[in-house]
Amino acid sequence: MAASAPNYWLFKTEPSSYSIHDLAKEPKKSTFWDGVRNYQARNLLRDDVQVGDRVFFYHSNTEPLAIYGTAKVTRKGYPDHTALDPKGGHYDPKSTTENPIWYMVDIKLIQVFPEPVTRERMQDEKILKDMMLLKRGSRLSIQPVTSDEWKTIHKLAGVDDR
DNA sequence: GCCAACGTTGGC
DNA sequence: GCCAACGTTGGC
């Protein structure tokens, strides 16, 4: 039985809270992607993101705004336990062990791009113009990406698509 | 720092 | 269930 083709995603993060360099510190290890507190993004994490899927790592609220590298999904959606911890910054009293509201996945670094692919650069590329990321007011922190977009951005980064 | 675009909350 | 007020995100 052939493995199904991976889906592609873009995960957005503020580097001041978590950056690709944090991920790159432990390249062999999986890290959980926690703290998503938006229902649309939650649904994607819970229902659609699969083991083996590929992920672009985008930094928001920073300079330069860019995709800095890629990661691979190593565990599919499971309850985000940080919602249960009153002392943590991601606490949500509505979430319980029996009825978790929020979900997370595990990811592992694939590669840090030698040069980040900047938002500006992406805006110049006609083939990328439909990316949700580039739309005004796009706030979704987990976004689907097409395989063409995945390939194009690797070309812009000057690296192999892994 | 500004502000547009969303998402959430809460009064009715 | 509507919608105004408010809070947050995030590019510019």
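FYI, side chains are in, hydrogens and waters are out, and symmetry mates aren't considered; it's all heavy atoms of this structure.
- Applying the 4.0 Å criterion to OP1 and OP2 of C:dG11, one finds that A:Tyr58 has a side-chain N or O inside that range.
- With a 6.0 Å radius and a threshold of 12 heavy atoms from other residues, nucleotides or ligands, A:Lys108 has its NZ atom at or below the threshold.
- Between A:Phe57 and A:His21, a ring centre-to-centre spacing not shorter than 6.0 Å is recorded.
- Atom NZ in A:Lys94 sits roughly 12 Å away from atom C1' in B:dG7 (whole-Å rounding).
- Stem list for DNA chain B (at least 3 consecutive Watson-Crick or G-U pairs, distances under 3.5 Å): B:1-12 with C:1-12.
- Put simply, A:Gln40 has no side-chain N or O that comes within less than 4.0 Å of OP1 or OP2 on B:dT8.
- One distance of note links CD1 of A:Ile153 with NZ of A:Lys151; it measures 12.5 Å at 0.5 Å rounding.
- With respect to the salt-bridge test (charged N to carboxylate O, under 4.0 angstrom), the residues A:Arg162 and A:Asp160 do not qualify.
- Using modelled atom types and a 3.5 Å distance limit, the side chains of A:Asp106 and A:Tyr78 yield a donor-acceptor pair.
- Ion pairing between a basic and an acidic side chain is recognised when a charged N comes within 4.0 Å of a carboxylate O; A:Asp80 and A:Arg37 show such pairing.
- For the atom pair A:Trp102 CH2 and A:Leu84 CG, the distance stands at 13.0 Å (nearest 0.5 Å).
- For the atom pair A:Thr31 OG1 and A:Met104 CE, the distance stands at 11.0 Å (nearest 0.5 Å).
- The separation between A:Glu14 atom CD and C:dG10 atom P is 6 Å, rounded to whole Å.
- In this structure, A:Arg119 reaches the C:dC12 phosphate: one of its side-chain N or O atoms is under 4.0 Å from OP1 or OP2.
- At a non-hydrogen distance threshold of 4.0 Å, nothing from residues 95-104 of chain A comes into contact with DNA chain C.
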